[in-house]
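In what follows, a single structure is set out as structure tokens and then discussed.
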Amino acid sequence: MPIQIYNTLTGKKEPLETVEPGRVKMYSCGPTVYDYFHVGNARAFVVPDVIKRYLRDRGYQVLHVQNVTDIDDKIIQRAQSLGVSVDEVVDRYTRAYLEDLLRLGCEMPTVLPRARDHVGPMIDLIRVLFDNGLAYAAGGDVYFSVERFPRYGQLSRQEVSQLEAGARVEASAHKRHPADFVLWKAAKPGEPWWESPWGRGRPGWHLECSAMSMAYLGERFDIHTGGADLIFPHHENEIAQSEGAVGHPVVTYWVHNGYINVDGEKMSKSLGNFWLFRDVADRWGAPVVRALLLSKHYRTPIDFTEEALEAQARGLERLYRTVGDLARRLHPDAPQLSSEAAAAGPAEQALERVLQEKEAAFHEAMEDDFNTAMALARLFELAREVNRYLTEAEPAPQPGPQPTLHRAYRLLIRLGGILGLRLDEPLHSRADDGELLVPLVDLILEVRQQVRSERRFDLADQIRDRLKALGIQVEDTREGARWILSDASR
RNA sequence: GGCGGCAUAGCCAAGUGGCUAAGGCGGGGGUCUGCAAAACCCCUAUUCCCCGGUUCGAAUCCGGGUGCCGCCUCCA
């Protein structure tokens with residue numbers, strides 16, 4: 001079945017048809033580097049990352065461009081309030097962005113263009129817009145004339161006349177029409193500037209995405225992503241600039257993710273109700289944040305709460321634990337299934353069937369507009385089926401091959417990987433996870449096992465309780481004790 | 001004033017014309033276990049905000065209502 005994508009431009013799900021066969025070109029609006037990013041921003045990074053991973057799994061080669069906005073009024077303000085240079089703000093938060101992006105489990109985009117490195121192409125673009133009669137200079141600024149671009153409003157379903165009537169359009173003495181937007185902004189004293197045919201200044205915010213997307217992806221590309229708050233005016237203006245320059249549609253599918261809410265209201269910098277991703281990741285673990293972002297369909301708003309994080313953490317623990325159990329069974333040193341049982345007993349055949357079923361269902365979910373909520377549900381079902389096999393159907397441990405369990409393990413890892421969840425890595429990790437931790441805990445548990453074999457259970461329990469208080473959860477199983485890092489507060 | 005979205009169990013959430021309304025968390029009962037934890041099993045929505053309509057059949061389509069949210073200004 002072809003992949004279905006919801007297109008904001010048409011308001012419908014459409015089958016994916018790429019400009020070039022087998023190749024997807026995707027542009028995503030990245031961060032403005034003036035602060036650490038919050039969970040709302042994180043969603044806008046995770047969504048294209050999952051789209052990319054899924055498309056690649058389906059055999060597409062994906063070229064992904066995600067910009068870094070390093071020219072912006074907010075950066076200038078931030079530099080002033082911190083009393084440091086603009087360059088320093090840009091440097092600091094670009095670094096932090098990349099760090100947090102990787103921690104979120106996102107792959108590096110193929111290209112990460114910075115606005116500062118593309119002022120030349122932006123100026124060229126303004127020239128073309130002048131040539132096409134869509135731009136005008138006024139008071140040192142250059143504006144885009146929305147009245148000269150008949151298709152203005154197509155993405156957000158706004159009419160230019162209605163925009164005029166609305167109370168919230170930015171007024172400016174220089175604008176011919178209230179909805180006109182700035183392409184080039186004259187520099188005030190003390191602000192960063194670039195030379196241009198219209199004097200010293202800097203490009204308008206919307207311009208960079210037009211210039212850089214076309215620079216790396218060409219005049220026609222497939223997918224453009226961003227948060228729903230960018231539909232108007234950012235993406236509307238981007239369409240006006242790009243189409244106004246080349247004379248035809250540039251982007252096929254416009255994909256917008258829903259907001260992250262706090263107490264029913266949009267999480268945003270201006271409201272001050274934001275949670276920085278790095279803070280939440282410190283406390284709950286980055287995978288928990290990522291899974292929560294994927295637990296609802298990408299277009300639906302998510303209310304971000306402690307309760308939701310808690311529920312997500314508990315669910316994920318089961319998933320990770322299942323994979324950990326499988327890994328232990330499959331370890332060369334571990335006691336293994338007898339060969340006759342592993343060969344093709346009814347239990348193995350049943351499990352094989354389940355693996356196929358769940359894999360197909362996972363794909364069915366993902367190809368329907370990247371329904372990660374449903375895909376995640378199939379992953380949970382897979383884990384339960386594997387656990388059921390492990391607890392009910394497993395015969396006495398003996399050496400022998402276990403192809404079904406190997407397949408189960410690989411499938412979980414692969415499907416988890418499409419969602420960007422590394423199920424084979426620890427769910428909780430800490431800054432102080434040194435080389436020492438693992439052998440040290442193993443040593444303690446070895447001694448505790450000795451104590452248990454002497455049936456001194458009160459002492460054994462005390463060790464377990466004390467470790468739990470340190471965030472190390474010990475579980476005794478038939479094959480001995482196992483342990484995971486968990487949140488010490490729970 | 002214009003444009004758009006949402007309303008499904010105690011909580012979160014998938015499902016957009018027809019099989020038993022996914023899945024997660026929580027709760028109850030059980031199996032296993034020195035205990036605990038984990039895991040597994042069973043139970044936890046006769047019904048999808050309300051009222052009409054279309055249809056053999058609707059959570060799903062149409063009309064009306066109520067409530068909440070968003071965009072129209074920087075915002076992911």
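Throughout, protein chains are lettered first and strands after them, A, B, ... in sequence-line order, and every chain is numbered starting at 1.
Between A/T300 and B/A14, a side-chain N or O to OP1/OP2 separation shorter than 4.0 Å is present. Side-chain nitrogen and oxygen atoms of A/R384 include none within less than 4.0 Å of the OP1 or OP2 phosphate oxygen of B/A39. Dashed line: the shortest gap from a side-chain N or O of A/R378 to OP1 or OP2 of B/A14 is not under 4.0 Å. In terms of phosphate contacts, A/K468 brings no side-chain nitrogen or oxygen within less than 4.0 Å of OP1 or OP2 of B/A36. At least one side-chain nitrogen or oxygen of A/R388 sits closer than 4.0 Å to the OP1 or OP2 atom of B/C41.
Under a 3.5 Å cut-off, the side chain of A/Y34 and the backbone N or O of A/Q77 do not form any donor-acceptor pair. For A/T372 (side chain) and A/L294 (main-chain N/O), a donor-acceptor pair under 3.5 Å exists by modelled atom type.
With respect to the salt-bridge test (charged N to carboxylate O, under 4.0 angstrom), the residues A/D476 and A/R448 qualify.
Using P as the reference atom, B/C40 and B/G4 are 46 Å apart when rounded to the nearest Å. Separation of the P atoms belonging to B/C41 and B/A76 is 44 Å when rounded to the nearest angstrom. A gap of 14 Å separates the P atoms of B/A58 and B/A21, to the nearest Å. A gap of 16 Å separates the P atoms of B/G5 and B/G15, to the nearest Å. As rounded to the nearest Å, B/C32 and B/A9 have C1' atoms that lie 30 Å from one another. Annotation: B/A7 and B/C62 have their P atoms spaced 14 Å apart (nearest Å). Distance noted for atom C1' between B/U31 and B/A36: 16 Å (whole Å). A gap of 50 Å separates the C1' atoms of B/U54 and B/A39, to the nearest Å.
With a 3.5 Å ceiling on both atom-pair distances, B/G57 lacks any Watson-Crick or G-U wobble partner. Here B/C49 sits opposite B/G65 as a Watson-Crick or G-U wobble pair (both hydrogen-bonding atom distances under 3.5 Å). Nucleotide B/A22 forms a pair with no other nucleotide shown, judged by Watson-Crick or G-U wobble geometry with both contacts under 3.5 Å. Across the strands present, B/A9 finds no partner; the criterion is a Watson-Crick or G-U wobble pair with both atom distances under 3.5 angstrom. Pairing for B/C71 goes to B/G2, judged as Watson-Crick or G-U wobble with the two contacts each under 3.5 Å. B/C40: Watson-Crick or G-U partner is B/G30, with both key distances under 3.5 Å.
For the pair A/K175 and A/F144, the NZ or CZ position fails the cation-pi test of under 6.0 Å to the six-membered ring centre and within 45 degrees of the ring normal. Annotation: cation-pi pair A/R299/A/Y6 present, NZ/CZ under 6.0 Å from the ring centroid and within 45° of its normal.
Nearest to the side chain of A/R448, among B/C41, B/G70, B/G34, sits B/G34. Picking from B/C40, B/A76, B/G2 the nucleotide with the shortest atom distance to the side chain of A/Q158 gives B/G2. Side chain of A/D476, nearest nucleotide from B/A14, B/A36, B/A76: B/A36. Considering only side-chain atoms of A/M374, the nucleotide from B/C72, B/C25, B/A14 that sits closest is B/A14. Of the candidate nucleotides B/G15, B/C71, B/A38, B/A38 has the atom nearest to the side chain of A/R482. When distances are taken from the side chain of A/D461 to each of B/G15, B/C41, B/G34, the shortest belongs to B/G34. In the set B/C69, B/C74, B/A38, the nucleotide with an atom closest to the side chain of A/H206 is B/C74. Here the nucleotide nearest the side chain of A/N387, chosen from B/C40, B/C74, B/C3, is B/C40. Nearest nucleotide to the side chain of A/R452, out of B/C41, B/A14, B/C35: B/C35. In this structure, the nucleotide among B/G26, B/G23, B/U16 sitting nearest to the side chain of A/D368 is B/U16.
Stacking of the aromatic ring of A/F380 onto the base of B/G23 is not found under the criterion of centres within 5.5 Å and planes under 30°.
One atom, CG of A/L271, and another, C1' of B/G70, lie 12 Å apart when rounded to the nearest Å. A/N41 has its CG atom 5 Å from the C1' atom of B/A76, to the nearest Å. Separating the CD1 atom of A/I260 from the C1' atom of B/C69 is a distance of 14 Å, rounded to the nearest angstrom.
Among the heavy atoms of the strands lying under 4.0 Å from A/A311 are primed sugar atoms or P, OP1, OP2 only; no base atom is included. Residue contacts shown for A/L376 are absent, as no nucleic acid heavy atom lies under 4.0 Å away. Using a 4.0 Å heavy-atom cutoff across all strands shown, A/G40 reaches at least one base atom of the nucleic acid. Residue A/T322 is out of contact with every strand shown, counting any heavy-atom pair closer than 4.0 Å. No engagement by A/I231 is indicated, since no non-hydrogen atom pair under 4.0 Å with the nucleic acid exists. Nucleic acid contact class of A/G153 (heavy atoms, under 4.0 Å, all strands): none. Note on A/R299: nothing from the nucleic acid sits closer than 4.0 angstrom, heavy atoms only. At a threshold of 4.0 angstrom between heavy atoms, the contacts of A/H297 are confined to the sugar-phosphate backbone, with no base atom among them. Residue A/Q312 is out of contact with every strand shown, counting any heavy-atom pair closer than 4.0 Å. Among the protein residues, A/F37 comes within range of no part of the nucleic acid, since none of its heavy atoms lies under 4.0 Å from any strand. Within the 4.0 angstrom heavy-atom criterion, no nucleotide atom of any strand lies near A/P31. Using a 4.0 Å heavy-atom distance criterion, A/K266 is classed as a base contact. Heavy atoms of A/E475 sit under 4.0 angstrom from at least one base atom.
Side chains of A/D141 and A/Y143: a donor on one and an acceptor on the other come within 3.5 Å. For the residue pair A/E208 and A/N67, a side-chain donor N or O sits within less than 3.5 Å of a side-chain acceptor on the partner. Side-chain contact check for A/D369 and A/Y298: at least one donor-acceptor pair (N or O, by modelled atom type) lies under 3.5 Å.
Here CG of A/L412 is found 11.0 Å from CD of A/E359. Values are rounded to the nearest 0.5 Å.
Of the two residues near RNA chain B, A/R464 and A/R157, the one whose nearest nucleotide lies more 5' is A/R157. For A/R43 and A/Y6, each mapped to the nucleotide of RNA chain B holding its nearest heavy atom, the one lying further toward the 5' end belongs to A/Y6.
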Practice item. Assess whether side chain to side chain donor-acceptor pair (under 3.5 Å) is satisfied between A/H235 and A/H206, documenting all intermediate values. Key: CA-CA 8 Å; A/H235 289 160; A/H206 312 298; over 6 Å; no
